[in-house]
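Quick caveat, the model's predicted, so the values are computed rather than measured. Throughout, protein chains are lettered first and strands after them, A, B, ... in sequence-line order, and every chain is numbered starting at 1.
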Amino acid sequence: MVQITNVLVPALCTAVLVACVGMLVYILPSLCFFIPFRWEEERYTDGVKWKFLEHKGPVFAPPYEPLPSNVKFYYDGKHMKLSPGAEEVATFFAKMLDHEYTTKDVFRKNFFKDWRKEMTSEEKSKLTDLNKCDFSEMSEYFKAQSEARKAMTKEEKLENERLLQEYGFCIMDNHKERIANFRIEPPGLFRGRGDHPKMGMLKRRIRPEDIIINCSKDSKYPKPPPGTKWKEVRHDNKVTWLVSWTENIQGSIKYIMLNPSSRIKGEKDWQKYEMARRLKKCVDRIRAQYREDWKSKEMRIRQRAVALYFIDKLALRAGNEKEEGETADTVGCCSLRVEHLTLHQEMDGQEYVVEFDFLGKDSIRYYNKVPVEKRVFKNLQLFMEDKEPEDDLFDRLNTSILNKHLQELMDGLTAKVFRTYNASITLQQQLNELTSFICTVYNVPAKILSYNRANRAVAILCNHQRAPPKTFEKSMQNLQTKIDAKKEQLADAKRELKSAKADAKVRRDEKSKKAVESKKKAVQRIEEQLMKLEVQATDREENKQIALGTSKLNYLDPRISVAWCKKFGIPIEKIYNKTQREKFAWAIDMAEKDYEF
DNA sequence: GCCCATACTTAGAACAGCGAAG
DNA sequence: CTTCGCTGTTCTAAGTATGGGC
């Protein structure tokens with residue numbers, strides 16, 4: 001009944017091409033540009049995401065295996081045999097012993113509280129102080145275990161492959177698609193980012209009874225493990241998830257969804273960039289509008305306009321409200337507080353400088369000194385008047401008000417579209433600027449460096465940071481050593497070339513001429529190698545604290561990169577690895593060398 | 001307008017595995 | 001053959017956005 005296309009990429013591309021034709025015909029009245037066309041597999045309207053969905057359900061975490069009796073736990077220096085429930089939770093802590101987390105007060109407190117809940121009443125009365133607990137034997141045991149596992153990876157790999165084949169795919173409409181996360185998250189201790197009030201809490205084990213299955217009525221339903229039941233099997237084709245459950249730390253819902261290479265994700269991704277391109281067409285109008293609004297007599301409109309200016313100019317996130325005390329204290333644009341900004345009438349020779357200092361998503365620090373227009377500056381002074389540091393900067397604004405306004409300016413526009421738009425347009429502009437310098441047609445490494453620099457400009461704009469790799473200094477030194485050695489080698493080769501030339505001048509025979517030629521080539525080759533190394537060093541140094549991956553994966557219209565590769569004869573493999581090529585298959589297929597964002 | 005639930009995207013860290021160097 | 005260092009992959013937390021009920 002259902003035909004399965006095993007070749008995923010052409011299937012997706014056909015869908016995309018079909019829709020492309022549709023776009024030309026319909027000139028995008030809204031975002032319904034997946035128009036039924038030629039194929040029986042239509043692009044659905046009114047929120048329907050699929051017609052047929054069949055899958056095998058999730059893979060559960062392996063059951064707990066009690067510790068061998070020689071691995072002991074000590075309390076106050078004395079051996080103590082733990083009940084299975086308490087022991088399992090203890091192993092979660094033991095596995096993290098080397099991590100800084102386990103030294104943090106909040107983490108220890110939360111862990112101990114949740115651990116005690118799993119203890120027998122006897123254990124509860126004995127174990128009253130976490131500081132007296134000695135998990136070191138457990139910790140050593142797990143280290144040894146993971147060493148042992150490395151040695152027998154072959155079997156494990158085979159088992160993983162089997163699981164992937166059985167559970168890693170589903171059928172959505174006529175295609176076999178890869179599932180992103182078909183394994184249920186194993187139990188453990190919650191690790192929040194930054195100063196999270198819930199760090200260390202017990203993340204409980206998920207059982208079949210917690211699981212909601214979503215699939216089509218006429219599909220073969222996934223079977224729960226023997227002796228168990230699903231919480232529910234439903235058939236909701238207005239959503240894309242296959243499996244969901246409620247997590248116990250925040251009470252939020254978790255989902256199993258498809259891989260980025262799937263049709264459903266690919267189309268959504270494409271739509272996202274089309275939306276950003278629509279913003280490009282009207283961004284001048286919107287900018288003119290918010291500049292006008294800086295002068296409004298209504299405070300709420302001024303606040304909205306200044307916030308939008310920040311979102312546009314600085315690529316800030318929208319900044320939804322968060323429940324206090326439930327998560328780390330982080331903010332975005334609309335939730336900025338007075339304490340996050342310092343106004344400088346004059347700073348470093350510039351007028352009207354705003355100094356931002358706050359923690360954003362994932363508790364990554366945003367620090368920036370930005371000269372702004374006088375009117376913005378005056379407005380900020382006004383917003384901050386008579387407020388305490390912990391008061392909201394934009395007290396008449398939130399993300400829902402802002403997005404409602406944006407919706408009126410352009411159909412489908414939301415705050416996050418500005419980030420996508422500004423990221424992609426920056427890449428395109430930077431590529432144009434940086435690449436035009438390079439005259440040598442064949443200098444691929446230099447072009448890649450330029451690409452990385454353009455990518456980096458975006459990452460800096462979006463504040464995508466990473467912890468500098470632990471081995472950074474050392475690896476930098478190693479590279480420098482290599483460069484020095486290469487330089488010496490080059491000097492030697494040049495010397496040899498010189499003497500070969502002198503030799504040829506005297507002898508004037510074929511053999512010595514040939515020797516000169518080969519020496520020349522050697523010098524050239526070494527020069528190329530040297531340049532490659534130097535480029536690598538520059539690239540790495542500049543990348544120390546910047547993460548390029550996030551913008552590449554989520555903000556940069558892949559068609560820009562594909563077109564750039566085609567234009568300069570760079571193999572796409574130099575820019576996108578295999579996974580990325582799968583995710584961006586639609587763009588690789590679609591974009592020609594003259595594509596413009 | 002506000003609150004809550006839901007669904008989906010975006011994010012950095014941890015981990016695994018592979019190729020080059022020793 | 002082993003170790004090292006880097007790249008690609010996996011993991012799951014933390015955002016954005018919307019819509020329904022009051």
B/dA11 phosphate, OP1 or OP2: any side-chain N/O from A/Tyr555 under 4.0 angstrom? yes
So, does A/Lys265 get its side chain near the phosphate of B/dT9, meaning an N or O under 4.0 Å from OP1 or OP2? yes
According to a strict under-4.0 Å criterion, is A/His196 in side-chain N/O contact with OP1 or OP2 of C/dA14? yes
Check whether any side-chain nitrogen or oxygen of A/Asn320 sits under 4.0 Å from OP1 or OP2 of C/dG15, and answer yes or no. no
Give A/Thr399 one of three labels, base, sugar-phosphate or nothing, depending on what nucleic acid heavy atoms sit under 4.0 Å from its own. nothing
B/dC8 phosphate, OP1 or OP2, under 4.0 Å from A/Lys49 side-chain N/O: yes
On DNA chain B, nearest-nucleotide positions of A/Trp241 versus A/Ser551: which is more 5'? A/Trp241
Which part of the nucleic acid does A/Thr330 contact within heavy-atom distance under 4.0 Å: base, sugar-phosphate only, or nothing? sugar-phosphate
Can you check the A/Asn259 CG to C/dT10 C1' distance for me, whole Å? 11 Å
May I ask you to evaluate whether A/Lys238 reaches the phosphate of B/dT6, defined as a side-chain N or O under 4.0 Å from OP1 or OP2? no
In whole angstrom, what separates A/Leu548's CG from B/dG12's P? 11 Å
Please step through ring pair (Phe, Tyr, Trp, His ring centres under 6.0 Å) for the pair A/His55 and A/Phe169, ending with a clear verdict. CA-CA 7 Å; A/His55 58 92; A/Phe169 296 85; over 10 Å; no
Of A/Met257 and A/Asn398, the one whose closest DNA chain B nucleotide lies more 5': A/Asn398
If only side-chain N and O atoms count, and only distance matters, is there a donor-acceptor pair under 3.5 Å linking A/Tyr451 with A/Ser561? yes
Hey, does the side chain of A/Thr240 come within less than 4.0 Å of B/dC8's phosphate (OP1/OP2), counting only N and O? yes
Among the candidates B/dT6, B/dA11, C/dT16, find the nucleotide nearest to the side-chain atoms of A/Arg419. B/dA11
Tell me what A/Gly319 touches on the nucleic acid: a base, only sugar-phosphate, or nothing, going by heavy atoms under 4.0 Å. sugar-phosphate
Within the pair A/Arg317 and B/dA11, is there a side-chain N or O less than 4.0 Å away from OP1 or OP2? yes
Start with the C-alpha gap between A/Tyr367 and A/Phe356, add the side-chain angles, then the distance that decides, and say whether ring pair (Phe, Tyr, Trp, His ring centres under 6.0 Å) holds. CA-CA 5 Å; A/Tyr367 183 79; A/Phe356 290 85; 9.5 Å; no
Base, sugar-phosphate, or nothing for A/Pro260, non-hydrogen atoms under 4.0 angstrom? nothing
Looking across every strand, which nucleic acid part, if any, lies under 4.0 Å from A/Ile249 by heavy atom: base, sugar-phosphate, or nothing? nothing
Phosphate oxygens OP1/OP2 of C/dA13: is one of them under 4.0 Å from a side-chain N or O of A/Lys254? yes
Think A/Lys416 has a side-chain N or O under 4.0 angstrom from the OP1 or OP2 of B/dT10? yes
To the nearest angstrom, the CD1-C1' distance between A/Ile253 and C/dT18 comes to 14 Å
Please list, chain by chain and in numerical order, all residues satisfying ring pair (Phe, Tyr, Trp, His ring centres under 6.0 Å) with A/His196, sequence neighbours excluded. A/Phe190
Whole angstroms only, please: what is the CE-P distance between A/Met199 and C/dA14? 10 Å
Within the pair A/Asn554 and B/dT9, is there a side-chain N or O less than 4.0 Å away from OP1 or OP2? no
Is A/His99 near enough to B/dA13 that one of its side-chain N or O atoms lies under 4.0 angstrom from OP1 or OP2? no
Checking side-chain polar atoms at under 3.5 Å, does A/Glu161 have a donor or acceptor matched by the opposite partner on A/Gln165? yes
Do A/Lys104 and A/Tyr101 meet the cation-pi criteria used here (NZ or CZ under 6.0 Å from the six-membered ring centre, within 45° of the axis)? yes
Please determine, for the side chain of A/Thr550, which listed nucleotide (B/dA11, B/dA7, C/dA14) has the closest atom? B/dA11
Mind checking A/Lys322 for me? I need base, sugar-phosphate or nothing, with any heavy atom below 4.0 Å counting as a touch. sugar-phosphate
Please determine, for the side chain of A/Tyr255, which listed nucleotide (B/dC8, C/dA14, C/dG8) has the closest atom? B/dC8
Can you see if the side chain of A/Lys272 gets near the phosphate of B/dT10 - specifically, an N or O under 4.0 Å from OP1 or OP2? yes
